[in-house]
Trainee: 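If you scroll down you'll find the structure; I have some questions about it.
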Protein chains: 2
Amino acid sequence: MTYEAVIIALADPTRRRIFESLRVKSKTVGELAEEQPVSRPAVSQHLKVLKNAELVRVEAKGNRRIYSMEKKGLESLRRYLDTFWSDALEAYGQEIFRRIENDEL
Amino acid sequence: MTYEAVIIALADPTRRRIFESLRVKSKTVGELAEEQPVSRPAVSQHLKVLKNAELVRVEAKGNRRIYSMEKKGLESLRRYLDTFWSDALEAYGQEIFRRIENDEL
DNA sequence: CAGCTTCGTAAGTCATAACTTACCGTAAGC
DNA sequence: GCTTACGGTAAGTTATGACTTACGAAGCTG
């Protein structure tokens, strides 16, 4: 059920901006904080959530922490979405809907 | 930017349960409320959010409103996710990451 | 028409999570 | 070794959003 963590992580606009910023290139916490309209500790907290959702990974480089994009979280969310395109469920749902329309239910 | 509404809509567990419940068959507000551990007005409010995200559609049937699943919202979210699998961005990001690793940046 | 059902909205409460400042540990530079 | 830079965590505040009850509109029922 890790896709829940991914959805929650991406639901916050600041967190989405941080995540999408890493799409271009990997950055330190300070670099990310400069781009964002919030304080550095706030960015740290957001990165914690993103890491928990496996949307970013950290690389310690001496004094700094270099954050980069991680695809694993996105993949689990995509798998969740894909389950909604099942043909069987689709057909069943449509049939029920038709019956309701026709007052057969 | 409608994918934002979709992510926000799916971020709430109650809303996710309502949405997934409609996967099986279309239902009235009352039916949905019976399944959920919250009041009927709460369900109404959640349905409003889901509708705004194009995750459900309504069908007025006399006194009742029959809610059913709508794929449009899911599709826009999927398109958003797919943009992260662009090979060009991937290659660029990896190259930058390599340079940082090697202190070339 | 009177009463009952269905459901949306308004208003207010409460829990949560997004923020702030303050502080601490750790690594780097002089 | 002392100072400075980087970043994580704690504690407290504030904003948001998920809930509740109360109410009203619109439609079936007898």
Side-chain angles (χ1 to χ4, degrees), chain A residues 4-22 25-68 70 73 100-105, chain B residues 4-22 25-68 70 100-103 105:
Chain A
E4 296 183 356
V6 178
I7 295 179
I8 290 170
L10 292 179
D12 181 75
T14 302
R15 228 142 41 204
R16 250 196 329 272
R17 283 197 309 271
I18 292 173
F19 178 64
E20 290 174 6
S21 167
L22 290 177
K25 66 169 189 173
S26 307
K27 291 168 185 170
T28 66
V29 178
E31 287 171 336
L32 288 168
E34 280 177 24
E35 300 172 351
Q36 303 300 325
V38 297
S39 69
R40 188 194 47 72
V43 172
S44 260
Q45 290 159 13
H46 283 311
L47 286 169
K48 193 178 182 179
V49 176
L50 288 169
K51 184 160 192 320
N52 177 259
E54 295 183 306
L55 287 167
V56 301
R57 58 169 169 264
V58 210
E59 185 88 9
K61 193 78 182 177
N63 211 7
R64 335 189 157 185
R65 308 286 176 103
I66 299 176
Y67 280 87
S68 55
E70 163 76 67
I100 289 170
E101 288 291 301
N102 298 352
D103 278 338
E104 300 173 27
L105 268 183
Chain B
E4 297 183 357
V6 179
I7 295 178
I8 290 169
L10 292 179
D12 182 75
T14 302
R15 227 139 47 204
R16 253 199 324 274
R17 281 197 309 269
I18 291 173
F19 177 64
E20 291 174 5
S21 167
L22 290 175
K25 68 169 188 174
S26 307
K27 290 169 185 169
T28 67
V29 178
E31 287 171 338
L32 287 168
E34 279 177 25
E35 301 173 351
Q36 302 301 326
V38 297
S39 69
R40 188 194 48 72
V43 171
S44 261
Q45 291 159 11
H46 283 310
L47 286 169
K48 192 178 184 180
V49 176
L50 289 169
K51 185 162 192 319
N52 176 261
E54 295 181 306
L55 286 168
V56 301
R57 58 170 169 263
V58 209
E59 184 89 9
K61 192 81 184 173
N63 212 5
R64 335 189 159 186
R65 310 285 176 102
I66 300 176
Y67 280 85
S68 55
E70 163 77 66
I100 290 170
E101 288 289 302
N102 298 353
D103 279 340
L105 269 181

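All chains are named by letter (A, B, ...) in the order of the sequence lines, taking the proteins before the strands, and each is independently numbered beginning at 1. Everything numeric here is computed off the predicted structure, so don't read it as measured data.
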Trainee: Tell me the interatomic distance from B/K61, atom NZ, to D/dC28, atom P, rounded to whole angstroms.
Mentor: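 Distance check: B/K61 NZ to D/dC28 P gives 11 Å.
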
Trainee: Is there a donor-acceptor pair under 3.5 Å between the side chain of B/R40 and the backbone N or O of B/G30?
Mentor: no

Trainee: Provide, to the nearest angstrom, the distance between the CG atom belonging to B/D12 and the C1' atom belonging to C/dA17.
Mentor: 13 Å

Trainee: At less than 3.5 Å, do the side-chain atoms of A/R40 and the base atoms of D/dG8 form a donor-acceptor pair?
Mentor: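 Between D/dG8 and A/R40, which were checked side chain against base, a qualifying N/O pair under 3.5 Å is present.
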
Trainee: The side chain of A/V38 lies closest to which of these nucleotides: D/dG7, D/dC19, C/dC19?
Mentor: C/dC19

Trainee: Which listed nucleotide (C/dC19, D/dA18, D/dT9) is nearest to the side chain of A/K48?
Mentor: D/dT9

Trainee: How many whole angstroms separate atom CD1 of A/I18 from atom C1' of C/dA18?
Mentor: 11 Å

Trainee: Go ahead and name the base partner of D/dT14; Watson-Crick or wobble counts if both distances stay under 3.5 Å, otherwise write none.
Mentor: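 In the structure as shown, D/dT14 has C/dA17 as its Watson-Crick or wobble partner.
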
Trainee: Pick the closest DNA chain D nucleotide for A/R65 and for A/Q45 by heavy atoms, then say which residue is nearer the 5' end.
Mentor: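 It is A/R65 whose nearest nucleotide is closer to the 5' end.
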
Trainee: For the backbone of A/R17 and the side chain of A/E20, can you confirm whether one donor and one acceptor N or O come within less than 3.5 Å of each other?
Mentor: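 Flag not set: sc A/E20 to bb A/R17 has no pair under 3.5 Å.
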
Trainee: B/N63 has a side chain; which of C/dA22, D/dA26, D/dT20 sits nearest to it?
Mentor: D/dA26

Trainee: B/L32 has an atom CG; how far is it from atom P of C/dT6, in whole Å?
Mentor: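 Rounded to the whole Å, the gap is 14 Å.
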
Trainee: Check whether A/R64 reaches the backbone of A/T28 with its side chain - one donor and one acceptor, N or O, closer than 3.5 Å.
Mentor: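 Not at all, since once roles are kept as given, no pair shorter than 3.5 Å links the two residues.
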
Trainee: Would you kindly give the CD-to-C1' distance between A/E34 and D/dA5, to the nearest whole Å?
Mentor: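 To the nearest whole Å, that distance equals 13 Å.
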
Trainee: Would you kindly give the CZ-to-P distance between B/R16 and D/dG17, to the nearest whole Å?
Mentor: 16 Å

Trainee: Examine C/dA17: is either OP1 or OP2 under 4.0 Å from a nitrogen or oxygen in the side chain of A/R15? Give yes or no.
Mentor: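 Indeed not, no polar side-chain atom of A/R15 lies that close.
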
Trainee: Within this structure, what is the CD1-to-C1' distance between A/I8 and C/dA17, rounded to whole angstrom?
Mentor: 11 Å

Trainee: Does OP1 or OP2 of C/dT6 have a side-chain N or O of B/T28 closer than 4.0 Å?
Mentor: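 The answer is no; no side-chain N or O of B/T28 sits under 4.0 Å from OP1 or OP2.
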
Trainee: Would B/R16 and A/E4 count as a salt bridge (Lys or Arg N to Asp or Glu O under 4.0 Å) if you check the C-alpha gap in whole Å, the side-chain angles of each, and the deciding distance to 0.1 Å?
Mentor: CA-CA 10 Å; B/R16 253 199 324 274; A/E4 296 183 356; 3.7 Å; yes

Trainee: Among C/dC7, C/dG8, C/dT21, which is the nearest nucleotide to the side chain of A/S39?
Mentor: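 The answer is C/dT21.
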
Trainee: Need the pair for D/dC28. Rule: Watson-Crick or G-U wobble, both distances under 3.5 Å, any strand; none if unpaired.
Mentor: none

Trainee: Of the nucleotides C/dT20, C/dT6, D/dA18, which one has an atom closest to the side chain of A/P41?
Mentor: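 In terms of side-chain proximity for A/P41, the closest of C/dT20, C/dT6, D/dA18 is C/dT20.
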
Trainee: Is A/E35 salt-bridged to A/K27, going by a charged N under 4.0 Å from an acidic O?
Mentor: yes

Trainee: Less than 4.0 angstrom between a side-chain N/O of B/Y67 and OP1 or OP2 of C/dT6, yes or no?
Mentor: no

Trainee: Would you kindly compare A/A42 and A/G62 by the position of their nearest DNA chain C nucleotide and give the one closer to the 5′ end?
Mentor: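 The 5'-side residue here is A/A42.
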
Trainee: Starting at atom CD of A/E59, determine the distance to atom C1' of D/dG7, rounded to an integer number of angstrom.
Mentor: 16 Å

Trainee: Does the side chain of A/L55 reach to within under 4.5 Å of the side chain of A/E70, using non-hydrogen atoms?
Mentor: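 A side-chain contact is absent here, since even the closest heavy-atom pair is not under 4.5 Å.
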
